[in-house]
Amino acid sequence: MQGVVEQVKPAVEVQDPLHIWTALHSADEAKAWVEHHLAASRACISELLAVTGARTLENTLVPYDRAGWHLRMAGSQSGVMFMVHPLAEVRDAAQQLSQVIGAESVALSLNLDVYHALSAIDISTNAADAATRYYIERALLGYRLSGVDKDEPTRNRIRVLADRMTHLSMSFSRTVQDDVRSITIDTVADLLGLPQDYLTRHGVRSVASPAASGTMQLEADTPVTLTTDPPEMTPVMTYAASPQLRRRMYLAYNDRGYPANKQVLLDLLSAREEMAALLGFRSWADLATVDQMMGSAANMRTFLNEVQAAARETAQHEFAELEAFVRDRDPGALPLTLSDARYWEEQFRRAHYDFDSQSVRPYFPYEQVEAGILATAGKLFGVSFVRAENAAVWSPAVKTFDVIDNDASSPDHGAPVGRIYLDMHPREGKSKWFSECSLVCGVLGLQLPEASLVCNFPQPKRDPDNPQNDDAGLMQYSDVVTCFHEFGHLMHEVLGGRQRWAGQSGIATEGDFVEVPSQMLEEFFEDPELVRTFARHYQTGEPIPHDVFARMVRASAHGRALGTLTQVMYATYSLDTHDKRAAGLDLDALLRAGYDRFSFYEFVDGNRMYAAFTHLVGYTSNYYTYLYDKVMALEFFAEFKQPGPETLIDSATAMRYRREVLEPGGSKPARELVKSFLGREVSMSALRRWISREFGAQ
Ligand SMILES: [Zn+2]
């Protein structure tokens, strides 16, 4: 098959134009690879602009789309290398290159000649199908939102602002990525409550107490230091009995990025505000939603109010129950602060549901979970995953699979439809986040899509000398849910990756639809039959017992309303920072006001989470996406739970979902995908059921 890359002769030759990492031993190689794609992209644009006669899809939209393909390749792979490459030199180069590519994309989005060329395509005489017409319509809207039709001085100012925004965004993210705080434990007894494997990893032993027989105490030979990396931070917040330790960890974690990022964020917000004004919008929040399903900042406020109304009463009830529980156990722990939330919610779940989230970890060793998710996704989406042993990777820790289509009615039956890369464990210098990233954008008949997961799940470690010391990489319940979530993105990327136009390929819907497939896949984790296929005890091989599973699901449902209000709080913060005037914006006061309005827990002074809230960079004002998409994901998932003889993985519903929601990629407005799958508009009813625990619990 002739790939997209062979269609343009670039200025710089590279060995493997599809994969930046195949020969990445230095920053220079990274630069050469990116330059290859930038040159190819420019060549496509020159070809498009050189056309003299009538503008057609073939002589205009095809080269435009190819130019975008090259830019997306360069942008996505540099972005991934910045997150994962083992060499700091390459990560630095990748970060700088991302800026160069960003500037190139901005230049293309402000190219008036290209805008005129696209506008001149006569879609009525060019036999354009609906997807093509939608593509052109969206592209032209994108141009107008970039300010292409403004006068020259305005366009110049927009260019300066766009560069500035890219620069500030990168700086913000980089500071967060590099800022790992650590705390040293003064008294080893402060670590009481933490899981044994966590303690062992930090050189802490449990020994019988000489003072009181039958009790255990902790010992360590050297001072224990804990970092704010999630695998070290999360267990402290969830299990450490010491409120002082939790508070120290909470403050260290929520101080990351501070103070440097405070000013960076304020500068970014004012650049965005000026940009929105130049483009004729009241605020950045209005600009950022006009081409989304949401449509406007006012709609966003209405939506957030609706969600708050749906959650408020149950949240009050949940919190009152929790307070009563704490009053009974340890009245001195009241009032509850934000650094107490996870710990006491965990204690409450243990007591009320006879469920200890530690007790299920032995059923979730990493390797089994990975195999289980591959099997689940395979069954659900009609594909299988075949290990691609010889594929080049950026680290030996990365596993690669070809995705094979098993759908008998598909023209690709038995053939590969894409490739996935799993980079699942922490590594020095690697991004601390959990994310899904496109690597190669698919084009129907020309190029298969490739995508990667970049995660930080516990790493299994074998001890060849002493197998009893093997660390199976036991995962938390929430880790497994995250894994399902990211896999939902991955499947969307791959199964949506067969479009005529690269610009509509993969996760190319409106931005506020992208968390629907991921959040929907999370819900499948509540199906006992499915989970029992892979949740087996790492030592005995016994599947997770039915009653334990049922208690786990019920326990996880507790706190949903409180959690929903926390999301409303973050979404409101992201809206307000982008809807209020940047001059005079008090990030701290706004944060505090948000917690006071939406949280029942007391604010912890010194919490400056905005300095590490990277969603403000990526999602800007649109953090609401998570909630908005949760509402849709729950409505989608309810389709799988219709009464009937089928089990939850009803293959007919699953294939309909694959066809109507995932496969179209960005070739249709998301509203149409939703309507065609649900057969109706979205409502709040599945969210209400989910919050009020009628949903999922038995
Ligand atoms: Zn996601």
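Just so you know, ligand 1 is whichever comes first in the structure, and atom 1 is the first atom listed for that ligand.
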Would you call the rings of Trp21 and His19 parallel, tilted or perpendicular if under 30° counts as parallel and over 60° as perpendicular? tilted
Before we go on, tell me: are the rings of Tyr601 and Tyr595 under 6.0 Å apart, centre to centre? no
Less than 2.8 Å from the Zn ion (ligand 1) is the window; count the protein N, O or S atoms in it. 4
Would you confirm whether the ring centroid of Phe434 sits within less than 6.0 angstrom of the ring centroid of Phe457? yes
Is the terminal nitrogen or CZ of Arg387 (NZ for Lys, CZ for Arg) located under 6.0 angstrom from the six-membered ring centre of Phe401 and within 45° of that ring's axis? yes
Look at atom NZ of Lys668 and say whether more than 12 heavy atoms of other residues, nucleotides or ligands are closer to it than 6.0 Å. no
Donor-acceptor list for residues 474-481 side chains, cut-off 3.5 Å, not counting sequence neighbours:
residue	atom	partner	partner atom	Å
Gln476	OE1	Tyr239	OH	3.0
Tyr477	OH	Ser556	OG	2.9
Asp479	OD2	Gln476	N	3.0

